[in-house]
Structures are given as structure tokens and as C-alpha cells.
Amino acid sequence: MTAQRWRAELSAAAGTLRTWTARRYVVAAVTAAVTVVVVAVPTAMIPNPVFGREVATTAWAWPVLLVTSVLSGLLFATYVRVPGSTEPAGAQDGDLDALAAAQSRTGMAGTVLTFLAVGCPVCNKLALIALGYAGALQWFAPIQPWLGATGILLVGYALVRRLATDGSCTLPAARVSVGAGEQAS
């Protein structure tokens, strides 16, 4: 994607956000809060009696989680139906429907990467089985910030693409023929 096209998509996305109703912003805020709880409780970033953490939470973990949660909340809110619309948001035809599904998968992948990034490196069973305790600390822990950054980029990309195509028409442009003596308006 060229820089000019990317700027155009960011501009379109910002324009779409300015047209949102309070309902969508409330849904975004609630979803962001739920995302924080769903990720922070099992990773023991929020202390709780069910889950424990052997390695302390890093300084970058909370900012990564909060940014991802806000982006995820905004992405989720793009699927809220616009008042007065007869079909739910995201219910589109053909190529746009496939595009919406791809954007949804990209957003989910970004959130999963954030979950892996902010979690305890030795509490991740897959890393522990594959690398052992020392390997998880030596090999998995150093890539966790990169997983978090990649997660933010994926959720942000999905959000911008979803917002930029929010007002897209799902019907092809109709051909209008102008008869003799008629003028096109």
C-alpha cells in the first residue's frame, strides 16, 4: 500500500469516527474495559486468587494492553448497527463481506498476540513445553515486546481498514443511458 493511499485511508477512518453516535462510543468503551479484564485476569496482571504469575509484569505490558483494548473496543464498535439501518453493521455482500471477515480475523489475531505478549513467559504452557523454564526466560521473554507491538499493529490495521470502508456501497454503480433529447443530471 502506498503512503498516499494509506494517508487517504487514515483520513477516511478519522472521518468515519467523527460521524459515530454516542451508542458506538459507549460500546467501544465497554468492550475496551472487558478486553482489559479478559486479558489481565488470566495473565495475573490484575492480582487474583485463581491465577498466579512467577515473573513480574513488565513496564511495557500495561501500555500495550491498554492500547490494544482501546483499538479492540473501537473495532468491535464498528459492528454495531447504525440507528435507522435495516441490516446489522458488517452485513455486506460479496467482496466486502469477505473483507469484513478478514478484518475481524486480523483484529482477533492482534488481540491474541497481545495476550501472549503481556503474559508471564514461564506461565505460557506452549513456551514452557517447547523451550523449558530457562528457554522461556531466555528466548520467549525477549520477543514478548515484539509480539505486543505486532498485536497493536494488527488491531490498528484492521480498525483503519474497517473504518475506511464503513461507508462503502455494496452495489456496483449503475449505468445510466441518456436518451435523445434528455440531459444527464
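Atoms considered below: every heavy atom in the structure, side chains included; atoms not considered: hydrogens, waters and symmetry mates.
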Enquirer: Could you give me the CA-CA distance, side-chain angles and deciding distance for Thr165 and Gln103, then say whether side chain to side chain contact (heavy atoms under 4.5 Å, CB included) is met?
Expert: CA-CA 11 Å; Thr165 60; Gln103 293 160 352; 4.0 Å; yes
Enquirer: By side-chain contact (heavy atoms from CB on, under 4.5 Å), which residues pair with Ala13, not counting sequence neighbours?
Expert: Val160, Leu163
Enquirer: Looking at Arg7, is its backbone amide N or carbonyl O close enough to the side chain of Ser11 to form a donor-acceptor pair, meaning the two atoms are under 3.5 Å apart?
Expert: no
Enquirer: Is the Lys NZ or Arg CZ of Arg162 less than 6.0 Å from the centre of Tyr79's six-membered ring, within 45° of the axis?
Expert: yes
Enquirer: With the side chain counted from C-beta on, respond yes when Thr21 and Arg24 share a heavy-atom pair under 4.5 Å apart, and no when they do not.
Expert: yes
Enquirer: Are the side chain of Thr19 and the backbone N or O of Thr16 linked by a donor-acceptor pair below 3.5 Å?
Expert: yes
Enquirer: For the residue pair Thr114 / Thr68, report whether a side-chain donor-acceptor contact shorter than 3.5 Å exists.
Expert: yes
Enquirer: Minimum heavy-atom separation for Pro121 and Val55, please, with both atom names.
Expert: CD-CB, 4.0 Å
Enquirer: Between Thr35 and Ser72, is there a side-chain donor-acceptor contact under 3.5 Å, judged purely by atom types and distance?
Expert: no
Enquirer: Is Met108 linked to Val37 within one hydrophobic cluster, defined over Ile, Leu, Val, Met, Phe, Trp and Tyr using a side-chain heavy-atom separation of less than 4.5 Å?
Expert: no
Enquirer: Starting at CD1 of Ile46, measure out to OG1 of Thr57 and round the result to the nearest 0.5 Å.
Expert: 10.0 Å
Enquirer: Looking only at non-hydrogen atoms, find the nearest pair between Gly107 and Leu75 and report the distance.
Expert: CA-CD2, 3.7 Å
Enquirer: I'd like to know whether Leu159 forms a side chain to side chain contact (heavy atoms under 4.5 Å, CB included) with Thr78, so could you lay out the CA-CA distance, the side-chain angles of the two residues, the decisive distance to 0.1 Å, and finally the verdict.
Expert: CA-CA 8 Å; Leu159 175 63; Thr78 64; 4.2 Å; yes
Enquirer: Does the side chain of Ile152 reach to within under 4.5 Å of the side chain of Leu71, using non-hydrogen atoms?
Expert: yes
Enquirer: So, do Leu116 and Gln144 sit near enough that their side-chain heavy atoms are less than 4.5 Å apart?
Expert: no
Enquirer: Under a 4.5 Å cut-off applied to non-hydrogen side-chain atoms, are Thr43 and Arg53 in contact?
Expert: yes
Enquirer: Search all heavy atoms of Val36 against all heavy atoms of Ser69 and return the closest pair with its distance.
Expert: CG2-OG, 3.2 Å
Enquirer: Does the side chain of Phe115 reach to within under 4.5 Å of the side chain of Pro42, using non-hydrogen atoms?
Expert: yes
Enquirer: For the hydrophobic clusters of this structure (ILVMFWY residues joined by side-chain heavy atoms under 4.5 Å, transitively), does one cluster hold both Leu131 and Ile129?
Expert: no
Enquirer: Would you say Leu10 and Tyr157 are hydrophobically clustered, going by side-chain heavy atoms of ILVMFWY under 4.5 Å?
Expert: yes
Enquirer: Applying ring-ring contact (aromatic ring centres under 6.0 Å, His included), which residue pairs with at least one partner in residues 17-55 are found, sequence neighbours left out?
Expert: Trp20-Tyr25
Enquirer: Taking all atoms of both residues into account, what is the closest heavy-atom pair of Pro63 and Ala59, and its distance?
Expert: CD-O, 3.4 Å
Enquirer: Are Glu54 and Tyr133 packed together at the side-chain level, in the sense that at least one heavy-atom pair is separated by less than 4.5 angstrom?
Expert: yes
Enquirer: Measuring only between side-chain heavy atoms, which start at C-beta, is Ile143 closer than 4.5 Å to Phe140?
Expert: yes
Enquirer: Looking at Ala164 and Glu9, what are the two nearest heavy atoms and their distance?
Expert: CB-O, 3.7 Å
Enquirer: Please answer: with hydrophobic residues joined when any side-chain heavy atoms are less than 4.5 Å apart, are Trp62 and Val67 in the same cluster?
Expert: yes
Enquirer: Near Trp146 CH2, under 6.0 Å, is it more than 12 heavy atoms from other residues, nucleotides or ligands?
Expert: no
Enquirer: Decide whether Leu66 and Val64 are clustered together by the hydrophobic rule: side chain heavy atoms of Ile, Leu, Val, Met, Phe, Trp, Tyr closer than 4.5 Å, transitively.
Expert: yes
